[in-house]
Amino acid sequence: MAAIAMFPTPLRASRQCTRLFASPLGSAPLSQRGWQALSVTEARSFSAITLGSRSRVQANTLRKKVGLPCAIESRLARSVGQQKRYSAQKPTDPDSSSSKKSPILSKLPLRTHENIYTVPNILTFTRLLAAPMVGYFLVHDHHVAALGLFAYAGITDLVDGYIARRWNLQTVVGTIIDPMADKLLMTIGVTCLAVNGSIPVWLAVIILGRDVGLAISAIYYRWISLPPPKTMARYWDFSLPSAEVKPTTVSKINTALQLLLVGSAIALPVLPETVIDAWSLREAMTGFQYLVAATTLWSGLSYVFSKDAVKILSKEEVQKRIARAAGKKP
């Protein structure tokens, strides 16, 4: 034990290398992993006197003999650890990365909503906003401003229909809000003109009565055609198509005549009196009013007896319309 305590510092430090000194002195050779320079006999022959008398050169030689295997041992341990970490990061199953997954899109439910944010629908919404402003200007006798907004509504009514047909942007909600915007403009315009005395009250009652009847019918058909669950949130969700309203030919003619009647009644106070008297426009307006009343009654009856006016959409038709709105083949 005294000899071991008197070992030089390099030799005692070398005992930290556990693999080189796995066995005690005397029971196994100290040389492991290629260390053949220092043997057990030389280790036993060490004593305090001989170790003290050795020269510094011999001590350095001994330090090199002990330190070189430890350095090799530590480098090998680091390389083995890096290989283990690298192998742990690799996937255990090489075929798992290349395995094909089941298609997710095929498991998703079919779309039940259509895109309602199209240019024709946006133009129709602007007509809906313009209708109350027309009524406000009529009540306050601003006929020029009312005539300008009414002209805008008429132009956009033609433009949005052309765009929808030209670029295949027809939607179910468009078939609902387009006549709704026309009827709202007609309802507000007819009511305000009847209050001002520009048109007779009996004509306003016929026009508004027909529109009220069509509105009640639309509410009814929307409810019965709505797929379950029938909730108010789904009822007012116009991106969920359920029924389609097809205006009859007589109804289209009547709508054009009504718009012309309201526009003429708005523009009549703007025209000079000399022009009105020269062309007998007041007498022409009276005859035109009777014509509009007759076509209004006829168009209302056409919705009652026509089988193609209202069509409840099936699931296949709903999917075709949604696919067409999304730009895909049905």
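Just the heavy atoms: all of them, side chains too, but no hydrogens, waters or symmetry mates, feed the values below.
Put simply, the side chain of Lys183 reaches to within 4.5 Å of the side chain of Thr255, judged on heavy atoms. Between Leu214 and Arg210 there is a side-chain heavy-atom pair separated by less than 4.5 Å. Annotation: side chain of Lys246 is not in contact with side chain of Ser306 (no heavy-atom distance under 4.5 Å). For the pair Ile207 and Val292, the minimum side-chain heavy-atom distance is below 4.5 Å. When side chains are defined from C-beta on, Leu203 counts as touching Leu261, because their heavy atoms get closer than 4.5 Å. Inter-residue side-chain proximity for Tyr303 and Pro247 is flagged as met; some heavy-atom pair is nearer than 4.5 Å. In this structure, Leu291 and Phe288 have side chains that are in contact, with non-hydrogen atoms separated by less than 4.5 Å.
Applying the 6.0 Å contact sphere to CE of Met285 captures more than 12 heavy atoms from other residues, nucleotides or ligands. Annotation for Tyr152: atom OH counts as buried by contact number, over 12 foreign heavy atoms lying within 6.0 Å.
Taking CD of Glu273 as the start and CG of Leu281 as the end, the distance is 10.0 Å to the nearest 0.5 Å. For the atom pair CG of Asn254 and OG of Ser299, the computed distance is 4.0 Å after rounding to the nearest 0.5 Å. Note that CG of Leu123 and CD1 of Ile155 are 11.5 Å apart. Values are rounded to the nearest 0.5 Å. Put simply, OG1 on Thr296 and CD1 on Ile206 are 7.0 Å apart, with the number rounded to the nearest 0.5 Å. Atom CD1 of Ile163 sits about 9.5 Å away from atom OG1 of Thr118, to the nearest 0.5 Å.
Linking Ile, Leu, Val, Met, Phe, Trp and Tyr residues whenever their side-chain heavy atoms come within less than 4.5 Å places Ile199 and Leu260 in a single cluster. Val270 and Phe150 fall into different hydrophobic clusters, where Ile, Leu, Val, Met, Phe, Trp and Tyr side chains are chained together by heavy-atom contacts under 4.5 Å. With hydrophobic clusters built from ILVMFWY side chains whose heavy atoms lie under 4.5 angstrom apart, Val212 does not share a cluster with Val205. At a threshold of 4.5 Å between side-chain heavy atoms, the hydrophobic network of Ile, Leu, Val, Met, Phe, Trp and Tyr places Val195 and Leu268 in two separate groups. In this structure, Phe125 is a member of the same hydrophobic cluster as Tyr117, with clusters built from ILVMFWY side-chain heavy atoms closer than 4.5 Å.
Shortest non-hydrogen contact noted between Ala194 and Ala204 is CB-CB, 3.9 Å. Taking all atoms of both residues into account, the shortest heavy-atom contact from Met186 to Leu259 is SD-CD2, 3.6 Å. Residues Leu129 and Met133 come closest through the heavy atom pair O-CG, 3.7 Å. Between Val262 and Gly189, the closest heavy-atom pair is CG1-CA, 4.4 Å. When every heavy atom of Ile276 is checked against every heavy atom of Leu271, the shortest pair comes out as CD1-O, 3.9 Å. Summarising the geometry of Val173 relative to Asn121, their closest heavy-atom pair is CG1-ND2, 3.5 Å, with the distance given to 0.1 Å.
Taking the ring centroids of Phe305 and Trp298, they lie at or beyond the 6.0 Å cut-off.
Looking at Leu185, Leu184, Asp178 one by one, the single match for side-chain contact (heavy atoms from CB on, under 4.5 Å) with Leu128 turns out to be Leu184.
For His140, the ring pair (Phe, Tyr, Trp, His ring centres under 6.0 Å) test picks out Tyr136, with sequence neighbours left out. Residues forming a side chain to side chain donor-acceptor pair (under 3.5 Å) with Asp182 (at least two apart in sequence, or on another chain): Arg127.
Taking the six-membered ring where the residue is Trp, Trp223 and Tyr235 present tilted rings, their angle falling between 30° and 60°. Below 30°, between 30° and 60°, or above 60°: for His142 and Phe137 the angle between ring planes is above 60°, a perpendicular geometry.
Side-chain N or O atoms of Thr191 include none that pairs as donor or acceptor with a backbone N or O of Ile188 at under 3.5 Å.
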Checklist entry - Is there a side chain to side chain contact (heavy atoms under 4.5 Å, CB included) between Trp167 and Val119 once you walk through the steps? => result CA-CA 10 Å; Trp167 283 278; Val119 174; over 6 Å; no
